[in-house]
Amino acid sequence: MNRALIFAAIIEDSWRESWARRASLVVSIIALVLLLLFAFGVSVRPEEAQSELIRVSLFGVELKVRAIFKATFADAIEIGALGLLNPWGIFLGLFIAIGLFSGMFTRGHIDLILSKPIARWELYLARYLGGIVLVGATTMLFCVGVWALLSLKVGMTDLGLIWAGFVVVFLFAVLYSFAALIALMAEGTGAALVATIVIWGLAEFAYVRDLLRQLSPVLGSVADVLYYLLPKTNDLEMVATKLVGAEQFLTDTAGASSAGFAFWSSGLFAIVMLALGIYLFSRKDY
Amino acid sequence: MNAIEVRYLHKTYSGLWRRSRIEALKGVSLSVKQGEIFGLLGPNGAGKTTLIKILLGIAFADRGQAMLLGRDSRDPHARQCVGYLPEEYQLPEYLKAWRALDFFAKLYGVHERRSRIEELLHLVGLAERRNSKVKEFSKGMRQRLGIAQALLNNPKVLILDEPTANLDPLGRKDVKDLLIRLKDQGTTVFISSHVLTEIERVCDRVAILHKGQLLTVGTVDELTREKSLEDVFVELVRAAQETEKL
């Protein structure tokens, strides 16, 4: 039995289903339109006196501001792209991926799949990976597109945005592991999406735990527990921002943990959620 | 080795907080020999589908054992040589007929998928519609495609839950002929159906299930020596209902 073939088949099916639902098509069109707007709507002209400075035009109309450094322009574009990906891209990705994931559990469809010689953990994991591949591919294509256009326009070769894209996909995967668990338990997309947004909000809320502790020690303790239990969404956002070299956009880094801690503790959260999902799925009657 | 072996199978479905409990199977034991066509009869809610789902690892028994070709039914490998057509099912609507079969063939790990799919599309009369999307299919065509997906792995055991439910008389005849052809090839067929005449015509042995309990198991010849299968069925189920009232 070729396990790789089974995983590939389920991932491919996720892909086809998402295109059939037009959800992926809409997201891809949005990404493409943004790239085309940047490609043809934004043009830069080097300042004659100093080659590091540029003047920016929007649809042929030069902006009435002083010339800016190429690096500042690149940082602004990259942080803009990152701002689109997180939170909006992740939110859209969750919306699409949860729909695909819970679609597998519909009565009638799940009977057919479970009657095949595949273990339930394989099915759960493959469908989870299907969502990541789908969202990951769109995210990375968008990042590579912006990076390529920046390279053409201002000669930028820094790969920070592409690395930041991987961080966004990682953050999506972490949140999606929780969403998949709720989609399995609730057998519905809406509950999973709402619960994931609540968890995401709580993770962001826990980030200001120092401020909360000043308000009330109890509130501070609750925030501490939440911070250590939940994924480090804010810390990962900071890692991504730093990767594109735009630290100047970070307003407050006081409560941040190290990047390593943010990655492994968030990854551990995802592993626990996946293990719990697989355990419940393996015991569930259909 | 029997194709299917079920020993003292118990299954209870509990509602939220275990307030409501439905005993779907109450110690069912039966065995199906290799190469025979075995019919499972029973009124609605008898536990037929639950028994089938436990056999296929779709649901889990509380107690007892279910074996497929000598393997525990919870083991995914036990389903390697088993084909299944559920009573109610949903094929991937967004796929073309051949691609839907290709997807299931990959899950079975079928070698030479293309030729097997073509063969089955011809067998079920859908060769001309291989490139049509499933969502464009009528109920009968979906049922034919469902039968094709159940045969993809050339199963040694074929489990069919109400296989003729959505078929017209011609389709029913085709299914009956197909079952007989499969039997001739040595395939074991386990069929659950409400249509007693259908069971009577094709099955070697029959079991009657009522409210999770097996009322009888026997060959069609034994059971229909004096009465029709329909009469035997009605008599046994009514007797069971009377016993319950007492």
Side-chain angles (χ1 to χ4, degrees), chain A residues 1-25 96 99-127 130 134 184-187 278-286, chain B residues 11-14 24 49-50 52-62 68 71 73-96 99-100 102-111 113 133-135 142 145-146 149-150 152-153 155 159 161:
Chain A
M1 190 63 155
N2 190 342
R3 301 274 157 229
L5 183 70
I6 289 175
F7 267 78
I10 296 170
I11 290 169
E12 185 192 346
D13 183 57
S14 307
W15 190 276
R16 288 188 186 282
E17 190 179 343
S18 77
W19 281 95
R21 288 183 181 198
R22 307 267 186 267
S24 288
L25 186 69
I96 295 168
L100 287 175
F101 197 83
S102 55
M104 183 180 74
F105 302 112
T106 49
R107 308 270 162 178
H109 187 51
I110 190 75
D111 295 43
L112 280 181
I113 294 183
L114 289 179
S115 68
K116 306 295 178 274
I118 43 174
R120 290 199 180 192
W121 69 266
E122 288 176 306
L123 184 57
Y124 191 93
L125 213 54
R127 199 66 176 186
L134 191 73
L184 171 79
M185 289 163 66
E187 295 188 6
I278 288 169
Y279 174 76
L280 292 176
F281 185 46
S282 302
R283 298 168 61 90
K284 201 171 163 77
D285 287 329
Y286 285 95
Chain B
K11 176 70 186 173
T12 303
Y13 289 107
S14 303
T49 300
T50 300
I52 287 176
K53 284 188 172 186
I54 290 172
L55 279 173
L56 290 155
I58 297 169
F60 300 105
D62 300 326
L68 280 170
R71 277 179 188 262
S73 68
R74 288 169 298 184
D75 177 0
H77 297 290
R79 303 189 284 275
Q80 187 65 58
C81 299
V82 178
Y84 172 50
L85 178 72
E87 182 181 5
E88 284 174 25
Y89 59 94
Q90 211 180 329
L91 292 159
E93 302 252 310
Y94 45 90
L95 295 181
K96 291 174 180 173
R99 204 177 272 286
D102 190 52
F103 170 61
F104 291 116
K106 283 177 184 167
L107 298 187
Y108 273 124
V110 173
H111 299 290
R113 296 191 304 274
K133 287 205 170 163
V134 175
K135 66 181 174 190
R142 281 169 200 235
L145 195 62
Q149 72 77 33
L152 275 165
N153 57 337
I159 299 178
D161 199 355

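Please read all numbers here as calculations on a predicted model, not as lab measurements. A, B, ... follow the sequence lines: proteins, then strands. Residue 1 opens every chain.
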Check whether A/S18 gets within reach of chain B through its side chain, its backbone, both or neither, counting any heavy atom under 4.5 Å.
neither

Using a 4.5 angstrom heavy-atom cutoff, name the option from B/F103, B/Y89, B/F104, B/Y94 with the most pairs to chain A.
B/Y94

Among the listed options A/L112, A/I113, A/T106, A/L123, the residue most often paired with chain B at heavy-atom distances under 4.5 Å:
A/L112

What part of A/E122 is in contact with chain B, defined as an atom under 4.5 angstrom from a non-hydrogen atom: side chain, backbone, both or neither?
neither

Options B/Y84, B/Y13, B/F60, ranked by heavy-atom pairs under 4.5 Å with chain A, top entry:
B/F60

Of all of A/R16, A/H109, A/R107, which one pairs up most often with chain B through heavy atoms under 4.5 Å apart?
A/R16

Chain B contacts, top residue of A/G103, A/A20, A/A9, A/A119 (heavy-atom pairs, under 4.5 Å):
A/A9

Criterion side-chain hydrogen bond (donor to acceptor under 3.5 Å, both in side chains) on A/K116 and B/Q149, from CA distance to verdict:
CA-CA 10 Å; A/K116 306 295 178 274; B/Q149 72 77 33; 2.9 Å; yes

Are A/F101 and A/Y124 an aromatic pair by the rule of ring centers under 6.0 Å?
yes

With a 4.5 angstrom heavy-atom cut-off, could you sort out which part of B/I159 is near chain A: side chain, backbone, both or neither?
neither

So which heavy atom on B/L107 is nearest to which on A/I118, and how close?
O-CG2, 4.2 Å

Using heavy-atom distances under 4.5 Å, tell me whether A/I10 contacts chain B through its side chain, its backbone, both, or neither.
both

Heavy-atom closest contact (A/D111 atom, B/I58 atom, distance):
O-CD1, 3.5 Å

Which atoms of B/K133 approach chain A - backbone, side chain, both or neither, heavy atom under 4.5 Å:
neither

Side-chain ion pair, B/E93 and A/R21, N-O less than 4.0 Å:
no

Does A/D285 come within less than 4.0 Å of B/K53, counting only side-chain N to carboxylate O?
no

Applying a strict 4.5 Å limit to non-hydrogen atoms, the region of B/R74 in contact with chain A is neither

Classify the ring geometry of A/Y286 against A/F105: parallel below 30°, tilted from 30° to 60°, perpendicular beyond 60°.
parallel

Shortest non-hydrogen contact from B/R113 toward B/A105:
CD-CB, 3.6 Å

